Amino acid sequence: MPRVTGKICGLSTPETLDAAIAGGASHVGFVLYPPSPRAVSFDGVRGLTQRVPSHVARVGVFVDPCNALIDQAIGSGALDAIQLHSVTPARAAALKQHSKREVWVAVAVKTRADLDTAANYRSACDKILYDAKTPDGALPGGMGVRFDWTLLDGFPHPLPWALSGGLTADNVGEAARRTGASLVDTSSGVETAPGVKDVDKIATFLRAVAQI
């Protein structure tokens, strides 16, 4: 099994960002979607991304963004990749061309049919993030919901991919071994309340990832 690395998403304070970096995160994520309790401002992104060393990738997280929002975000912070939720393949491809950044697309999963939609993004993005489908009216991610990992059994992945959705220090080892994921992503799994990251939970999660 390949080495597994971890992404801590929804970071919004210097202390929790530093904990993710110190713990060995390969990626750190910043939410640029105001309805989210994890959202950061453009000024916030600027300050946070300046703290990230070059060996850690900085990912901006967006929900169906307009070009102007992407431009502002890239202008405010040094983003290595953009992670898109609730976008069509055509929109993802357009944003990839516009942003000149690596593009991830989150595919919301509840059934095998949901997984099959990943193939539609084959030429539109660089990486698929399999995340759990959240209830209607809820935020598209960060809800602590997980999907049935057995759905990934034998699935022909169209692109490099990462696993998200309800991952915690207690289940991330099982999740990675069960699915073969080489990149695991958590947000609510290292929080004490929505949007409130905990430095000890971040450290514990990343230790669990390192032991896989």
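Reckoned from all heavy atoms, side chains included, excluding hydrogens, waters and symmetry mates. Nothing here was measured: the structure is a model prediction, and the numbers come from that model.
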Would you say the side-chain atoms of N171 pair up with the backbone N or O of G166, donor to acceptor, closer than 3.5 Å?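 Between the backbone of G166 and the side chain of N171 there is a qualifying donor-acceptor contact (under 3.5 Å).
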
Would you mind reporting whether [Y] and [X] have side-chain heavy atoms less than 4.5 Å apart?
X    : Y    : value
R91  : D64  : yes
D131 : H85  : yes
D126 : L159 : no
L95  : I70  : yes
L48  : R58  : no
Q83  : D185 : yes
L84  : V103 : yes
I202 : L11  : yes

Minimum heavy-atom distance [X]-[Y], with the two atoms named:
X    : Y    : answer
A176 : V184 : CB-CG1, 4.4 Å
A92  : V87  : CB-CG2, 4.1 Å
L151 : F155 : O-CB, 4.3 Å
V61  : C9   : CG2-SG, 3.6 Å
A108 : D114 : O-CB, 3.4 Å
L32  : V40  : CD2-O, 3.9 Å

Hey, could you give me the [atom1]/[atom2] distance between [X] and [Y], rounded to the nearest 0.5 Å?
X    : Y    : atom1 : atom2 : value
Q72  : F42  : CD    : CZ    : 4.0 Å
F62  : S99  : CZ    : OG    : 8.5 Å
K201 : T16  : NZ    : OG1   : 14.0 Å
T117 : R112 : OG1   : CZ    : 11.5 Å
N67  : Q97  : CG    : CD    : 10.5 Å
S26  : I21  : OG    : CD1   : 12.0 Å

Check whether [X] and [Y] end up in the same hydrophobic cluster, where Ile, Leu, Val, Met, Phe, Trp and Tyr are linked by side-chain heavy atoms less than 4.5 Å apart.
X    : Y    : result
W104 : V4   : no
L183 : V107 : no
V199 : V196 : no
L129 : V109 : no
V172 : V28  : yes

Taking it one step at a time, do L163 and F147 satisfy side chain to side chain contact (heavy atoms under 4.5 Å, CB included)? CA-CA 10 Å; L163 181 68; F147 66 91; 3.5 Å; yes

Does either side chain, that of [X] or that of [Y], offer a donor lying less than 3.5 Å from an acceptor on the other one?
X    : Y    : answer
K197 : T192 : no
S182 : R3   : no
T204 : R207 : yes
H98  : D71  : yes

Residues [X] and [Y] bridged, charged N to O under 4.0 Å:
X    : Y    : answer
R38  : E191 : yes
K110 : D148 : no
D80  : R101 : no

Between W161 and Y130, does a side chain to side chain contact (heavy atoms under 4.5 Å, CB included) hold up when you go through it step by step? CA-CA 7 Å; W161 61 282; Y130 298 115; 3.4 Å; yes

Evaluation steps, side chain to side chain contact (heavy atoms under 4.5 Å, CB included), between S76 and D43: CA-CA 7 Å; S76 296; D43 285 343; 5.9 Å; no

Tell me, with the steps shown, if L17 and V52 meet side chain to side chain contact (heavy atoms under 4.5 Å, CB included). CA-CA 8 Å; L17 173 60; V52 182; 4.0 Å; yes

